[in-house]
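Data block below; observations after.
In the text below, chain A, chain B and the rest are named by the order of the sequence lines, each starting its count at 1.
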Amino acid sequence: MRWTNSYIPTLREDPAEAELISHKLLMRGGYIRKVTAGVYNYLPLMQRVLLKITRIVREEMDKAGALEITMPVLHPAELWQASGRWDVVGKEQMRFKDRHGRDLCLGGTHEEVITDLVKGELKSYRQFPKNLYQIQVKFRDEIRPRFGLIRGREFIMKDAYSFDVDEDGLDKSYNKMVDAYFKVFDRCGFNVRKVEGDTGAMGGTGAHEFMVIVDTQGGEGVIYYCDKCDYAATDERAEFYESSNDTKIEPLKEKELVHTPNAKTIAEVTAFLNTPSKKLIKTLLYLVDGEPVAALIRGDRMINEIKLKNYLKANELELADADTIMRLTGAEVGFTGPCGLKNIRLVVDTEIYGMRNFITGANKTNYHFINVNHPRDFTFEDIIDIKMAEEGERCPRCKQGILKSDRGIEVGNTFKLGTKYSQAIGAKFIDKDGKEKPIVMGSYGIGITRTAQAAVERFHDKNGIIWPKPIAPYGIHIIYTNSSDKNQVETAFDIYNELKEKGIEVLIDDRDERAGVKFKDADLIGIPLRIVVGERGLKDKTAEIKIRKSGENIKIPLAEIVPNALKIYEEIC
RNA sequence: CGGGGUGUGGCGCAGUCUGGUAGCGCGCAUGCUUUGGGAGCAUGAUGUCGGAGGUUCAAAUCCUCUCACCCCGACCA
């Protein structure tokens, strides 16, 4: 491809709207242009990258036995009402009415549609297992779109759905997809870390996320992993081994009301009472689908609202406001405690079980209790892990390793759905024994556009993008330094034509620009291999090969330039 | 939705406080020179200053409303 025949509008300056390096580089390199918040044009270079990722995904899905189909973007509300997600997903969904006033939405995922599809067709256990997938644009009305393609309102996704007769079958299908995912991302040129994820609004019995680890702000997700075993989980999901309850053996002391004027926060209370925050219990008052719930965790811990929400099977969960707290506890914010709370469900973190003689709010402004103990001073039924994991804690699986954390971009996810959707929508089959059973499902996503940007976030330097070879828009980029030198132009085009004949995807910068401009743009758009034809080299009948990734510059006789370029291109990745 | 911020040629920005006939850099067009890391000179084109209403002799600038976008948070199938 000649540069002048393509459409590659590079920018000299960073666009004001972009925050993330990958977003800036994709804008500056002429890969994407914004249409409106979270919605982008994909320009020719980007289109090529997306097609390459898509091809890799398609090949690996097909190899794994999945069948490609296309489902509609437009969904009727009825299907979503049937699964119960019309209310759960709520505002995330792009919704509107048609001319008849019927509710419709744009699909953000296709569990409902595909379950409805197979319910008429997969009727016998003999037809299983099946796996159907599509690669298609998706819509999600994100509260706050940001970071370019990382969190868009419209994006391209591969979504696959497996259908099995039982949990064993699901496990097999699931593992097949997990294997395929590792192959996909490996072929795209980067490592991913598979971590345990939250099932969220998907529901179901288990989930994993595939994260590209990045050392920049581009890592939206935080993960925790063990430094000894293979435990890894998202921050929403991560747990740790609770080994240290060194207060266990303390004899019980008498509960006492103490005056703690203006000590509202954990920091203020611990400073005032001169005690470690581990001795405190935080009581957080939530409104859960309108009902008050008090969540208790140790003073030095952070609450994990996802865990709490999942445990309570809640749709909406929000911290109570000051007025509500006053009404329910009789005290200002900062003095809530479990003792004497009436008609409020207590959800207690597991770590609290072994604690003795701790400090809580007294439900009286400016007072706390010390030496509180359960079940003497209060009782509860709900005891569950509702705290955030922290670096430095022990691994919950091997109990030996220490938890570390990283930031990453989620490029894929897998869910064991079980029978949630098949039951709701009535997708049943007849088993060997003649009994009707719900289909056991899994769902599997890969963000195509997000993967492209994650690659840029992962592979770049101060001069621009450094594409992994398998997803680069072109393989080799040819530059001649002086367009008024006919010899240079002819030599460059000879190389160009020869490489094209060898089946290489070549971009030649045939613009009437000075060398500096071409070099800068070449660095920016990030094609793996560059061939430079210039006056310097032509004097002694050579040209240069530059490897984008290493910066290595190799002088090669013109007669051998093509075979050498092919060889080096083959070797780099 | 809450908090903060920005809208001025294609892009990046100044001008707004203190009202007085819209500017800079890049890019674009033409010509000449130049030609290995974002060239120089000359000439030129491109703006309803996000939109609506108001105040005023006069509004990019002040007031009211509104829209869009960006950042932080909640959300994220």
For this session: Answer yes or no on whether A:Lys518 is positioned over the face of A:Tyr480, meaning its NZ or CZ is under 6.0 Å from the six-membered ring centre and within 45° of the axis.
Result: yes
Base, sugar-phosphate or nothing for [X]? Non-hydrogen atoms, less than 4.0 Å.
| X | result |
| --- | --- |
| A:Lys546 | base |
| A:Gly537 | base |
| A:Asp14 | sugar-phosphate |
| A:Glu544 | base |
| A:Glu318 | nothing |
| A:Arg530 | base |
| A:Lys518 | nothing |
| A:Arg28 | base |
| A:Glu17 | sugar-phosphate |

[X] side-chain proximity, nearest of [options]:
| X | options | result |
| --- | --- | --- |
| A:Lys34 | B:A39, B:C69, B:C1 | B:C69 |
| A:Arg85 | B:C1, B:A77, B:C11 | B:A77 |
| A:Val517 | B:U35, B:C75, B:A39 | B:A39 |

For this session: Answer yes when A:Glu111 and A:Arg85 have at least one side-chain N-carboxylate O distance shorter than 4.0 Å, and no when they do not.
Result: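 Judged by the 4.0 Å cut-off on N to carboxylate O distance, A:Glu111 and A:Arg85 do form a salt bridge.
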For this session: In plain terms, say whether A:Glu544 and A:Arg530 are close enough for a salt bridge, that is, a side-chain N and a carboxylate O under 4.0 Å apart.
Result: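 Salt bridge flag = no for A:Arg530 with A:Glu544.
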For this session: Working to the nearest 0.5 Å, report the span between CD of A:Glu112 and CD of A:Gln81.
Result: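 The CD atom of A:Gln81 is 11.0 Å from CD of A:Glu112, to the nearest 0.5 Å.
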Rounded to whole angstroms, how far apart are [atom1] on [X] and [atom2] on [N]?
| X | N | atom1 | atom2 | answer |
| --- | --- | --- | --- | --- |
| A:Lys309 | B:A74 | NZ | P | 12 Å |
| A:Met157 | B:C76 | CE | C1' | 12 Å |
| A:Arg153 | B:A68 | CZ | C1' | 11 Å |
| A:Glu513 | B:C26 | CD | P | 14 Å |
| A:Arg548 | B:G37 | CZ | C1' | 13 Å |
| A:Asn463 | B:G36 | CG | P | 19 Å |

If [N] has a Watson-Crick or G-U wobble mate with both distances under 3.5 Å, name it; if not, just say none.
| N | answer |
| --- | --- |
| B:C75 | none |
| B:A59 | none |
| B:C13 | B:G23 |
| B:U43 | B:A29 |

For this session: Determine the interatomic distance between P on B:C71 and the same-named atom on B:C26; round to the nearest Å.
Result: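 About 29 Å, rounded to a whole number of Å.
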Problem set entry | Span that lies between the P atom of B:G38 and that of B:A74, in whole angstrom |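 Each nucleotide's P atom is 44 Å from the other's.
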Exercise. Can you check whether A:Leu296 reaches A:Lys282 side chain to side chain, under 4.5 Å on heavy atoms?
Worked result: no
Report yes if a side-chain nitrogen or oxygen of [X] is closer than 4.0 Å to either non-bridging phosphate oxygen (OP1 or OP2) of [N]; otherwise report no.
| X | N | value |
| --- | --- | --- |
| A:Arg146 | B:C70 | no |
| A:Arg514 | B:A39 | yes |
| A:Arg12 | B:G27 | yes |
| A:Thr36 | B:C69 | yes |

Exercise. Do the side-chain N and O atoms of A:Thr481 and A:Gln488 include a donor-acceptor pair separated by under 3.5 angstrom?
Worked result: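 Present: a donor and an acceptor within the cut-off.
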Problem set entry | Aromatic ring pairing A:Tyr40/A:His23, orientation class (parallel under 30°, perpendicular over 60°, tilted between) |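 A:Tyr40 vs A:His23 ring planes: perpendicular.
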Exercise. Relative to the 5' end of RNA chain B, which residue comes earlier, A:Glu236 or A:Ser483, by the nucleotide with the nearest heavy atom?
Worked result: A:Ser483
